[in-house]
Amino acid sequence: MPIYASMKSVAAYVPNHCIPNSFFTNFLETSDEWIIQRTGIKTRYFAPSHIKSSDLGVEAAKVALRRANLEAKDIDVLLCASISPDFFGMPSTACIIASKLGISDVPAFDIVAACSGFIYCLSVAKSYIESGLYRNVLVIGAEKISTVLDFSDRSTCVLFGDGAGACVIGQSDEIGIKDVHISSNGNFSHLLYTPRNNNVPNHFQADIALLEGIIEDGQIDEQFVKMKGNEVFKVAVRTISKDARDILQRNHISSNELDFFIPHQANLRIIQAIASSLKLSNDKLILTVQQYGNTSAASIPMALDFGYTQGKFKNRDLLLLDAFGAGFTWGSALVYADFVT
């Protein structure tokens, strides 16, 4: 008998601080109407200083484990996607989450694919399960993006929010995750990125004056998200639309056969443009961008949780997930809603 990968549960968590658009009018030249018109976003959530991405991920993971009727000891692998990790480079946020959950002696690692990170994790989890190597994979998207935002940049800081989503991928005797496709094109990396200063000389070369000059120029401190929004918008709509059509064609499925379309929740205008290109009606869209903003790698699992908790899904509904992020990276997945009982 073949082994299939199936999504056994979904969950989400957001911090307590809900931030309305009016928050930004205190220090930026903007308005609630301006933000809604251009993004569709009305609110988002920011975590307090003592809360990290791993803390958000832990809370989502606890719910995902409970809904899958599993305990931490049952997890064979933990994957985390994040652009706002607890630490720079190391240790991985996945390892921190595993420790906080009491999971040890299993692989735990991060995948960095920006807003496509959850789909990338899903691809890895599917391969692990269907190879027979592991039985249960915990996948988490966890973001405290407020830590990498420039709050003087109106074009970016109003777009993002903090939050986490999680799911358990396990074995099944019928197809659960039907297909996953991921891809990238680094030629567009200059359009959406978080800078890092690579020019600080080591102590054998440096003098204090040079180091002070670097700091004064802001080359160290200004490590915030940078985006050329109009260019990203155009490529995103074109790329996600094509990727969605390609995965449907590869599986001989028409858009009419989809029960729900769950795209990355970056911008309402992008979502509507993609839905229109796929000829999908509004009742097949899962939308959370209005209340959560763009939560990057947490976006799709949070939207899955929203559909689940709102009772929108039926068991074995066919869902199309689609994401696009910095890199550029993108990915899509066809998933049956096996997490609905």
Side-chain angles (χ1 to χ4, degrees), residues 1-11 57 60-61 64-65 67-82 91-95 97-99 101-114 116-142 165-184 243 246-253 262 297-298 300-301 304 315-323 325 327 329-341:
M1 289 282 292
I3 300 172
Y4 297 109
S6 177
M7 191 174 291
K8 298 298 186 180
S9 68
V10 295
L65 287 170
R67 289 176 178 172
N69 295 315
L70 296 175
E71 298 179 12
K73 64 181 177 60
D74 299 315
I75 295 300
D76 303 308
V77 187
L78 193 153
L79 308 177
C80 180
S82 181
S92 72
T93 303
C95 281
I97 292 174
S99 174
L101 289 172
I103 298 172
S104 61
D105 298 324
V106 303
F109 58 92
D110 291 354
I111 289 180
V112 183
S116 307
F118 179 78
I119 302 294
Y120 271 60
C121 286
L122 208 60
S123 177
V124 174
K126 182 178 188 292
S127 297
Y128 276 155
I129 294 296
E130 293 183 351
S131 70
L133 187 61
Y134 299 116
R135 293 180 58 85
N136 296 302
V137 180
L138 179 57
V139 175
I140 300 167
C167 69
V168 174
I169 309 300
Q171 294 183 344
S172 176
D173 57 5
E174 59 180 340
I175 296 174
I177 302 175
K178 186 173 180 63
D179 195 11
V180 182
H181 174 260
I182 54 176
S183 193
S184 69
D243 194 55
D246 287 349
I247 198 170
L248 290 174
Q249 290 172 5
R250 187 166 70 189
N251 289 276
H252 308 290
I253 294 171
I262 307 174
I300 286 181
L304 280 166
N315 186 46
R316 300 295 292 176
D317 271 358
L318 182 58
L319 316 176
L320 172 61
L321 319 180
D322 213 348
T329 63
W330 60 90
S332 56
L334 287 166
V335 177
Y336 288 103
D338 292 338
F339 48 85
V340 178
T341 56

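Residues: numbered from 1 along the sequence shown.
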Do [X] and [Y] have side chains that get closer than 4.5 Å, going by heavy atoms?
| X | Y | result |
| --- | --- | --- |
| M7 | V139 | no |
| V168 | L70 | yes |
| L304 | F339 | yes |
| I253 | I247 | no |
| I182 | T329 | no |

Measuring from atom [atom1] of [X] to atom [atom2] of [Y], what distance do you get when rounded to the nearest 0.5 angstrom?
| X | Y | atom1 | atom2 | result |
| --- | --- | --- | --- | --- |
| L78 | C95 | CG | SG | 8.5 Å |
| D179 | L334 | CG | CG | 6.0 Å |
| I97 | S92 | CD1 | OG | 8.5 Å |
| S123 | Y128 | OG | OH | 11.0 Å |
| C167 | I177 | SG | CD1 | 7.0 Å |

For residues [X] and [Y], report the shortest heavy-atom separation together with the two atoms involved.
| X | Y | result |
| --- | --- | --- |
| I169 | A125 | CG1-CB, 3.9 Å |
| D322 | I300 | O-CD1, 3.6 Å |
| E130 | A5 | OE2-N, 3.3 Å |
| V180 | R250 | O-NH2, 3.8 Å |
| A11 | R67 | CA-NH1, 3.6 Å |
| G170 | I129 | O-CG2, 3.6 Å |

Is there a donor-acceptor pair under 3.5 Å between the side chain of [X] and the backbone N or O of [Y]?
| X | Y | result |
| --- | --- | --- |
| R135 | Q171 | no |
| S116 | I119 | no |
| Y120 | S183 | yes |

Output every pair passing side-chain hydrogen bond (donor to acceptor under 3.5 Å, both in side chains) with a member in residues 332-341, not counting sequence neighbours, ordered by first then second residue.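 Qualifying pairs, neighbours excluded: S6-D338, D243-S332, R316-D338.
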
Quick one: ring pair (Phe, Tyr, Trp, His ring centres under 6.0 Å) partners of Y4, sequence neighbours excluded?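 Y4 satisfies ring pair (Phe, Tyr, Trp, His ring centres under 6.0 Å) with no residue once adjacent residues are dropped.
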
Between side-chain atoms of residues 101-114 and protein atoms elsewhere (two or more places apart, or another chain), which donor-acceptor pairs fall under 3.5 Å?
| unit_1 | atom_1 | unit_2 | atom_2 | d |
| --- | --- | --- | --- | --- |
| D110 | OD1 | T93 | N | 3.3 |
| D110 | OD1 | A94 | N | 2.8 |
| D110 | OD2 | T93 | N | 2.9 |

Does any donor atom in the side chain of N136 or D74 lie under 3.5 Å from an acceptor atom in the other side chain?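 There is no such pair between these side chains.
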
Between L133 and D76, does a side-chain contact (heavy atoms from CB on, under 4.5 Å) hold up when you go through it step by step? CA-CA 9 Å; L133 187 61; D76 303 308; over 6 Å; no

Does the pair N251 and K178 meet the rule for a side-chain contact (heavy atoms from CB on, under 4.5 Å), with working shown? CA-CA 9 Å; N251 289 276; K178 186 173 180 63; 3.7 Å; yes

